[in-house]
Participant: 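Handing you a structure now.
It should be emphasised that the depicted structure is a prediction, and the values quoted were computed from it without experimental measurement. Hydrogens, waters and symmetry mates are skipped; everything else that's a heavy atom, side chains included, is used.
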Amino acid sequence: MADPAARRRSGVRITAGGDNRGMAHDHGDHGDHDHDHGSELSEPQRRVRALETVLTEKGYVDPAALDVLVETYETKVGPHNGARVVAKAWTDPEYRAWLFSESGAAINSLGFAGRQGENIVALENTPDVHNMVVCTLCSCYPWPVLGLPPVWYKSAPYRSRAVSDPRGVLRDFGVELPDGTEIRVWDSTSEIRYFVVPMRPDGTDGLSEEDLATLVTRDSMIGTGLAAQPAEVAS
């Protein structure tokens, strides 16, 4: 069995495809579709609300601090941060080189830092190599650039099949790569988290950095998707 540390640094190189049956997850960037039609709040939400009330009454938590935390993850942290990093790398050769040599410093320079982002490594997708990220142990994820991980990223089927059948997983997400493209699966841990820089779509030479950022999807920065074409995001 390969040394885990070496595996984290070199990635798991997989070129063969496989069976793509038996995996359930949401596709693309849309949210989950589980709804509780029987009440306004689901059972977990009611439990969270009750716990928050008790902790507030006992003075253990400050409601204002909770509001700030929620607002941070709703408006300031998320895939839009990572999209800005990718768009800048697409348009600025010096920044691109810096991003792949000192990922953390380059990302921090745009103001994206904080918990779960202390050690981020940027991976470059090319016509020859496609990178995909997983956390086989739990759900380690680069929060400052991608926000909170989607439900499917934390699921056992994804964590298992991303390593054993990456080509099949990509097909589940609607991505079909050429047979000659090497797939590298990177196992994120509490010590290091990976962030994929997808290939820039063709025909986007005249777009501004801001417009390019709209083409960068969450899944493309995990490696389970590709950057969108301009026509796909046109209003």
Participant: Decide side chain to side chain contact (heavy atoms under 4.5 Å, CB included) for L99 and I107; before the verdict, give the C-alpha distance in whole Å, the side-chain angles of both, and the deciding distance to 0.1 Å.
Facilitator: CA-CA 7 Å; L99 179 63; I107 291 171; 3.8 Å; yes

Participant: Of V134, V163, T136, which meets side chain to side chain contact (heavy atoms under 4.5 Å, CB included) against Y158?
Facilitator: V134

Participant: So, does S103 use its side chain to make a donor-acceptor pair with the main chain of F100 at under 3.5 Å?
Facilitator: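 The answer is no, because no donor-acceptor pair under 3.5 Å joins these two groups.
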
Participant: Identify the heavy atoms of G82 and M221 that sit nearest to each other, and give their distance.
Facilitator: C-SD, 3.4 Å

Participant: Taking N125 for the side chain and H130 for the main chain, is one N or O donor matched with an acceptor at less than 3.5 Å?
Facilitator: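 Here the side-chain-to-backbone pair does not exist.
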
Participant: Using every non-hydrogen atom in the two residues, find where S164 and P166 come nearest and quote the distance to one decimal.
Facilitator: C-CD, 3.7 Å

Participant: Apply ring-ring contact (aromatic ring centres under 6.0 Å, His included) to F195 and list each qualifying residue two or more places apart in sequence or on a separate chain.
Facilitator: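 If we apply the ring-ring contact (aromatic ring centres under 6.0 Å, His included) test to F195, skipping adjacent residues, there are no hits.
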
Participant: Are the side chain of S160 and the backbone N or O of A156 linked by a donor-acceptor pair below 3.5 Å?
Facilitator: no

Participant: Measuring from L137:CG to D187:CG, what's the distance to the nearest 0.5 Å?
Facilitator: 6.0 Å

Participant: How long is the gap from CD on E176 to CG on L170, to the nearest 0.5 Å?
Facilitator: 8.5 Å

Participant: About how many Å separate CG of N108 and CD1 of I120, when rounded to the nearest 0.5 Å?
Facilitator: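 Going from CD1 on I120 over to CG on N108, the span is 7.5 Å.
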
Participant: Using every non-hydrogen atom in the two residues, find where P198 and V216 come nearest and quote the distance to one decimal.
Facilitator: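 Reported closest heavy-atom pair: CG-CG1, 4.5 Å.
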
Participant: Step by step, work out the side chain to side chain contact (heavy atoms under 4.5 Å, CB included) result for L177 and R167.
Facilitator: CA-CA 8 Å; L177 297 176; R167 233 173 247 281; 3.9 Å; yes

Participant: Could you check if a side-chain atom of W152 sits within less than 4.5 angstrom of a side-chain atom of V169, using non-hydrogen atoms only?
Facilitator: no

Participant: With side chain to side chain contact (heavy atoms under 4.5 Å, CB included) as the test, would you mind laying out the steps for R96 and D92 before giving the verdict?
Facilitator: CA-CA 6 Å; R96 182 185 187 88; D92 185 335; over 6 Å; no

Participant: Honestly curious: do L148 and Y153 fall in one hydrophobic cluster under the side-chain, below-4.5 Å linking rule?
Facilitator: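 They do share one cluster, since a chain of ILVMFWY contacts under 4.5 Å joins L148 to Y153.
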
Participant: Walk me through it: do E191 and T189 pass the test side chain to side chain donor-acceptor pair (under 3.5 Å)?
Facilitator: CA-CA 5 Å; E191 290 82 21; T189 68; 3.1 Å; yes

Participant: Taking all non-hydrogen atoms of both residues into account, name the closest pair between W90 and P201 and its distance.
Facilitator: CH2-CD, 3.7 Å

Participant: For S139 and K154, which heavy atoms make the closest approach, and how far apart are they?
Facilitator: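 So the two residues come closest at CB-CG, 3.2 Å.
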
Participant: Can you tell me how the ring of W186 sits relative to the ring of Y194, calling it parallel under 30°, perpendicular over 60° and tilted otherwise?
Facilitator: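 Ring orientation, 0 to 90° scale: tilted.
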
Participant: State, yes or no, whether a side-chain contact exists between Y95 and L110 at a heavy-atom distance under 4.5 Å.
Facilitator: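 Yes - at least one pair of side-chain heavy atoms lies under 4.5 Å apart.
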
Participant: Tell me whether V175 is reachable from V233 by hopping between hydrophobic residues (I, L, V, M, F, W, Y) whose side-chain heavy atoms are closer than 4.5 Å.
Facilitator: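 Yes: a chain of side-chain contacts under 4.5 Å links V233 to V175.
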
Participant: How close do D205 and R200 get, heavy atom to heavy atom, and via which atoms?
Facilitator: CA-NH2, 3.5 Å

Participant: Answer yes or no: is there a side-chain heavy-atom contact under 4.5 Å between L215 and P230?
Facilitator: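 Contact flag for L215/P230 side chains = yes.
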
Participant: Tell me if a side-chain donor or acceptor on N131 pairs with a main-chain N or O of E124 at a distance below 3.5 Å.
Facilitator: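 Answer holds: yes.
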
Participant: Kindly say whether Y141 contributes a backbone atom to a donor-acceptor pair with the side chain of R193 at under 3.5 angstrom?
Facilitator: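 Yes.
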
Participant: M132 vs T224, test: side chain to side chain contact (heavy atoms under 4.5 Å, CB included). Steps then yes/no.
Facilitator: CA-CA 6 Å; M132 187 165 72; T224 54; 3.9 Å; yes

